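Quick note: numbers below take in every heavy atom, side chains included, and nothing from hydrogens, waters or symmetry partners. As the structure is a prediction and not an experimental result, all values here were calculated from the model. In what follows, chains carry the letters A, B, and so on, assigned in the order in which the sequence lines appear, proteins first and then strands, with residues in each chain numbered from 1.
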Number of protein chains: 2
Amino acid sequence: MLDAMATADRILDAAERFVQTRGFNGFSYADIASELDVTKASLHYHFATKGDLGRALIVRYREVFVRLLSEIDDETKRATEKLARYVALYRAVLSDDRMCLCGMVAAEYATLPKAMQEEIRRFFSVNEEWLTSVIAGGVRAGDLDLRGGAALDAARLLIGALEGAMLVARTYKSVDRFDAAARRLLEDLAPAKRRRRAS
Amino acid sequence: MLDAMATADRILDAAERFVQTRGFNGFSYADIASELDVTKASLHYHFATKGDLGRALIVRYREVFVRLLSEIDDETKRATEKLARYVALYRAVLSDDRMCLCGMVAAEYATLPKAMQEEIRRFFSVNEEWLTSVIAGGVRAGDLDLRGGAALDAARLLIGALEGAMLVARTYKSVDRFDAAARRLLEDLAPAKRRRRAS
DNA sequence: GTCTATAGGTGGATAGAC
DNA sequence: GTCTATCCACCTATAGAC
């Protein structure tokens, strides 16, 4: 049972990397089997269908992400710090030559089973809610300025822009491109008093 | 010869829609053959390999895009108008339930032949150059304000953010989400004097 | 839980008739 | 240019031994 958990996790780890680099339609059970030195049949014991595996991947990815957002909440107070930490989560993924798992499968959305589609939306919704709350708090504290816009819209822009920045930056193998985009995004949320350049 | 051209274009049209909705790894020659009521062998006469087809798709998409950018240059003068028209190009694609072709294949980048990868980057580079020029012009004319940032960085953010906004909006079947993101992006480029809300 | 073996289907691609 | 027919590699998935 303990071993079963461990094996399932090793499968998820390998599959996750494949999805984040090649897409859900860009790898096969054979690819995972080859990497883990097990047979395809063995994988089917843990995840009966590829759709089951895909769903498990997204659920786990979201749960880990939620935990990281909690850590940010525990360890930081100012909205500007929280946002910087949030951006750093994306950056770490890109630095590992990966795309966000959910951004990747969002591209393949139309080809995926409904169970996967629902989990993908849940990932974005969870991010949206957290960011909206952080941004609204930052505005109240005077650390952020929405200039008339809604916190929800700012949150949605941030998610989409970070996903898109990763998407394009990956084709240039350039984390710098991501960094430049993230810097501008955060600066655009800074209050007007006196804008400072992020290092 | 004229018929050959027409057939090749019909193939490209069908394939383009498949790539923009399902991804390059999400459709097959059989899908196109079925839609056009021809055989797979016939498709291979026009595009020997799927990689050839993919490359032709990206090249055509970019050429059409460049032509549209020229039209914008011909028909508008102010940078704000040009940017609004630019955003409208993306919006039209999303309204047709499609993802940007190059944003889609950017996700699958690692699985694609080099010839396709090069053309994808060229698409982004062309967009970057045009946008950088438009933004720099807008700043000189006082229609835009970069608040200390570089026009190139603003251009890159805009491309990535629009691609990402499409990517996420598609999973919610919501053009509104794209519109809200685009509005914020354009507002963030507006001069500080007095910010007005885009309708 | 993992294996061998295989089913049943689809992938891209080719040969050769018309 | 389009067809029929076919190749072979690969896909997801299952049956049944160990």
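- Taking atom CG of residue B:Asp52 and atom C1' of nucleotide C:dG12, one finds them 12 Å apart after rounding to whole Å.
- Between A:Ala41 and A:Asp31, the one whose closest nucleotide on DNA chain D sits nearer the 5' end is A:Asp31.
- A:Val87 places none of its side-chain heavy atoms less than 4.5 Å from the side chain of A:Leu185.
- Going from atom CD1 of B:Ile32 over to atom C1' of C:dG12 covers 12 Å, rounded to whole Å.
- A close approach under 4.0 Å does occur between a side-chain nitrogen or oxygen of A:Thr39 and OP1 or OP2 of C:dC3.
- A salt bridge is absent between A:Asp153 and B:Arg184: the closest approach of a Lys/Arg side-chain nitrogen to an acidic carboxylate oxygen does not fall below 4.0 angstrom.
- Across all strands shown, A:Phe27 has heavy atoms under 4.0 Å from sugar-phosphate atoms exclusively, and none from any base.
- Aromatic ring pairs are classed by plane angle as parallel below 30°, tilted from 30° to 60° and perpendicular above 60°; the pair B:Phe65 and B:Tyr90 is perpendicular.
- With contacts defined as side-chain heavy-atom distances shorter than 4.5 Å, the pair B:Leu69/B:Tyr86 qualifies.
- Going from atom NE2 of A:His46 over to atom C1' of D:dA13 covers 16 Å, rounded to whole Å.
- Taking atom CZ of B:Phe47 as the reference point, atom C1' of C:dG12 lies 16 Å away to the nearest angstrom.
- For the pair A:Tyr45 OH and D:dA15 P, the interatomic distance rounds to 16 Å; values are reported in whole Å.
- Not one side-chain nitrogen or oxygen of A:Thr49 sits closer than 4.0 Å to the OP1 or OP2 atom of D:dT12.
- Among the atoms of the strands shown, only primed sugar atoms or phosphate atoms (P, OP1, OP2) are found under 4.0 Å from some heavy atom of A:Ser28.
- Computed from coordinates, the B:Phe18 CZ to C:dG12 P distance equals 12 Å when rounded to whole Å.
- A sub-4.0 Å separation between OP1 or OP2 of C:dT2 and a side-chain N or O of A:His44 is absent.
- Proximity of a side-chain donor or acceptor of B:Lys82 to a complementary backbone N or O of B:Thr76 within less than 3.5 Å is detected.
- Atom OH in B:Tyr29 sits about 21 Å away from atom C1' in C:dG9, given to the nearest Å.
- For the pair A:Leu36 CG and C:dC3 C1', the interatomic distance rounds to 15 Å; values are reported in whole Å.
- Listed nucleotides: D:dT2, D:dA13, C:dA13. Nearest to the side chain of B:Lys50: C:dA13.
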